[in-house]
Amino acid sequence: MLKHLCLLVLVSLGTHATDILEGASAPGDIIIGGLFPIHAGARRSATYQPGLSQPVCVQLNKGGLTQALAMIQAVEEANRSPQLTRLGITLGYRIHDSCSDVSTALRASMDFTQDSSSSGGGGDCRVASGNSSERAQPVMAVLGASYSELSIALARLLTLEFIPQISYSSTATILSDKVRFPAFLRTVPNDVYQTRAMVKLLSDNNWNWVGVITTDGDYGRSALDSFATEAAKKGICLAFKEVLPDSVTNPKVNSSISQVVQTIRNNGRAKVIVSFSKPSYMRQMFEQLQDGTAHDRVWIASDSWSTSSNEMAHIDFALIGKVVGFTFKSGNMTPFHRYLRELNASREMHLSNDTNMPFMREFYHYVDSAKAAAILLNNTYSDAVFSIQMGICAISQAVADLCSKTNPKIDCKTPGAVKPWQLLKALKGTEFEKEGKTYTFDKHGDVNLGYDICIWNTRRGAIQSTNVAEYHLHNNSITPTSQLGPLKDVVSKCSNSCEAGEVKKTVEGQHTCCYECINCPENHYSNDTDMDQCLSCNTAIEWAPERSSACQPKTLELFDWEDGFAIVLLSLAALGVIMALAMAVLFLWQRNTPVVRAAGGPLCQVILLSLMGSFVSVVFFVGQPSSIKCKVRQVLFGLSFTLCVSCILVKSLKILLAFHFNPSLQEALRRLYKPYAIVLACVGVQALVCVLWLVLRSPWSRHTVGARSVLAECQEGSYVAFGTMLGYIAFLAVVCFAFAFKGRKLPESYNEAKFITFGMLIYLISWVIFVPVYVTTSGKYVPAVEMVVILISNYGILCCHFLPKCYIILFKKQHNTKDAFLQSVYEYSQKSTSSVGSPGAEDITKKQCEARGSVSIDLSSSTGSGESSTDTVNSVITVSQFTGGQIPRPRLKRTLSI
């Protein structure tokens, strides 16, 4: 079966053993195959016929040549290493040219597999060659190929024999699949990490509108797919995707490159272009772009051409733009540079037909011997050389482990004793050292070292690359090692950035990176550039105008302590408390004087105490409202002012009973007249209203959210209860007003009814005005409306009831005596007697007053009926008793005595 398979491979390649291309070779106990792109392509003639003619390799690739020399130098150095010299084992090599062509690479790889087939005893795929003794040694491992599409094809073939393959630059992601490519290993990261690194660079610089150029092969397609996937995750859009032919000998290459150049010119906003192309393609592209149309571009170079600056030394990069390349890690190049210089000394030997490096003959035929070493040095890619050296180090360490630790021990010097699969197993588990560091292959067969990021610079007419940053695979981060200033000013976007306060609005059918900027609406904001949507403010406590970059806290509105109006009202309340307290002290001191006794005596203290409570309730209308404050302020005012009005009601009722009731009813009313019981009953009703209010639906504090402010206010709970409380006080005030109005014509020294009338009138007017004002007012000054009305009501009672009496007590002391009071009563009675015309009343009044020896009254003539006169006098005397006077009560049938 294997024989038939090998035959099928040979027929499909259209070649025989004699068709295998000439390559470099060296003997050894363990032979390592090498496949390098020493030529840039393979050209087939118009008369090319498979099996009858071979393609011709064209365009000597000096970079591929130095890679082959790097393998040779690494093998020679490994043979001098302690681990191999101790075992007496040497490594040999057979190196072939892939010509950067898949078919040519497969034809060359037949030289690697046919010996392994025969040595393994699995078949007779071996084909005779001109030098059978050299072919007797099977190839145990292969180093190469360079390009991923070649490595993929080579890996499928080498997997048949489980010959380990180590690539030094093939990065296609598919090669990490160990199910399909179990024998493939590499000393470079796969393209997943490279595309992640590129996207990270684009993202860090806010480049989201980029073009991509790649080749039509396994490497190019895989890199494009990987890059597109990673870019989409970061919101990066591809302005264009151009795919060039994979082979440099394809007749469509020139037209494809011209098309790419035109696409670049037409996409002026795509300032960044990512390229996974070949160095020769990029050189031709740059040559066409030297008209200056791409001077502001940034070229992101993949590892396939990021180190090829020497090939483009004639390009004026001031007209091309900036090149940023991703390169593999590199090491100390001094030993290899020394090797290249020494190699030039043996030029004549390489020109002979006996050389083991026949590809050097072509090189020396085309270059000047004086420049040969410089050309090789200028075409040395340090990262590729380092990766090749790592591959040889891994193989030499695996051979040393296999030949020294295997039980039973293998005689590695016997051809065919070591099987390729044994070396593959050893490679997967080996730890090898390079320049003092230890490396190993991971489970995917990769050595992931990360990337260096370089920028091409023109120095003294030559293009040089300078490392400016490192990409770390483990945390997807880029660490700058020098200034990245040249990249900071580059803007590669389809649309200009939306500023804070704006958001992107994409048009249906367009890329998400192409958009227009619209303002965030009211109460929404965006605090970063290029946001996809506006963020919403917490409208309970925040607001934002249109096109806002942040939410602003809403102003907390309340009738604050620092408000000027509040300070005035609180000052008036404090003054009221002081006045009420001062009057209470004064009235307590003068409690036995006629004025105080006439004003109500102990009831005055109760009225003043209730007024102080009403003044104090004003304080609870100011400041941050709370549920407790909202409850206390209304209840305190309601109860205290009800107590005040109830006391005034008792005084009004007393006056009414003394002067205006029918004497026949006075005896019955006297029994019903219980001042303190009436006060308690009136206050009790109000207390019941307040308790029901607090229990059923009490006031509470709330925050009313406005457009730009939050109003802290008290919600009265039940406005029915609130109205009932105020209405009840108004009802008592109306009754007081009615009673007092009837008794308004009293003696001047005892004109309580008149002042009660004025006080209640002020109260009623202020609260009638309060209702419409309170209903129509909104905002933080609503509490001030009620405060003003409370203060007006309190000051009305305070000024009308108590200030006149304080004035008499302090400044009219002569009127605060019993004699003065009796004189006032007499004058009032005389006036009343004159009005009713009673001839006997004056004598009665005179005799009773003289009986007390208080005053001497000269009665004049009078008119009217004696009955009416008697009623009036008895009423006056009765009032005198109410007020603490000592006028004796006459024994008349219509005398009202309470």
When you compare the side chains of [X] and [Y], does any donor N or O come within less than 3.5 Å of an acceptor on the partner?
| X | Y | answer |
| --- | --- | --- |
| T704 | E713 | yes |
| S614 | N794 | yes |
| S793 | W767 | yes |

Considering all heavy atoms, the nearest [X]-[Y] contact:
| X | Y | answer |
| --- | --- | --- |
| A733 | V645 | N-CG1, 3.8 Å |
| A721 | V689 | O-CG1, 4.2 Å |
| V705 | A540 | CG2-O, 3.9 Å |
| S549 | A500 | CB-CB, 3.6 Å |
| T777 | V782 | O-CG2, 3.4 Å |
| R591 | V596 | CA-CG1, 3.7 Å |

Could you grab the distance from atom [atom1] of [X] to atom [atom2] of [Y], nearest 0.5 Å is fine?
| X | Y | atom1 | atom2 | result |
| --- | --- | --- | --- | --- |
| Q715 | C630 | CD | SG | 9.0 Å |
| C806 | Q590 | SG | CD | 10.0 Å |
| L611 | S640 | CG | OG | 8.0 Å |
| C520 | I518 | SG | CD1 | 7.5 Å |
| Q686 | T724 | CD | OG1 | 9.0 Å |
| K805 | C604 | NZ | SG | 7.5 Å |

Side chain proximity check, [X] to [Y], heavy atoms < 4.5 angstrom:
| X | Y | value |
| --- | --- | --- |
| W561 | L570 | yes |
| S709 | L556 | no |
| I797 | M760 | yes |
| H801 | I648 | yes |
| F587 | I809 | yes |
| C534 | P521 | yes |
| L608 | L581 | no |

Side chain [X], main chain [Y], donor-acceptor under 3.5 Å:
| X | Y | result |
| --- | --- | --- |
| S548 | A550 | yes |
| Y728 | C682 | yes |
| S627 | W700 | no |
| Y763 | V734 | no |
| Q605 | A584 | yes |

Mark yes when over 12 heavy atoms from residues, nucleotides or ligands other than [X] sit less than 6.0 Å from its [atom1]; otherwise mark no.
| X | atom1 | value |
| --- | --- | --- |
| Y719 | OH | yes |
| W589 | CH2 | no |
| I628 | CD1 | no |
| Q624 | CD | yes |
| Y774 | OH | yes |

With a 4.0 Å cut-off on N to O distance, would you call [X] and [Y] a salt bridge?
| X | Y | answer |
| --- | --- | --- |
| K780 | D563 | yes |
| E516 | K504 | no |
| K554 | E542 | no |
| E716 | R633 | yes |

- Among L732, L649, I607, V606, the one residue meeting side chain to side chain contact (heavy atoms under 4.5 Å, CB included) with C644: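 Output: one option passes, namely I607.
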- Message: By the definition side chain to side chain contact (heavy atoms under 4.5 Å, CB included), identify the one residue from N496, V503, T506, D532 that meets it with Y515.
- Response: T506
- So which of F621, F637, Y795 actually passes ring pair (Phe, Tyr, Trp, His ring centres under 6.0 Å) with F615?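 Single pass found, and it is Y795.
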- Aromatic rings F559 and Y781: how do their planes relate, parallel, tilted or perpendicular, breaks at 30° and 60°?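 Because their plane-to-plane angle is over 60°, the rings of F559 and Y781 count as perpendicular.
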- With L694, which residues qualify under side-chain contact (heavy atoms from CB on, under 4.5 Å), at least two apart?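 Per chain and number, L694 pairs via side-chain contact (heavy atoms from CB on, under 4.5 Å) with K631, V635, S698, P699.
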- Item | Intermediate values then yes/no, side chain to side chain contact (heavy atoms under 4.5 Å, CB included), C800 and I762 | CA-CA 10 Å; C800 290; I762 292 173; 4.1 Å; yes
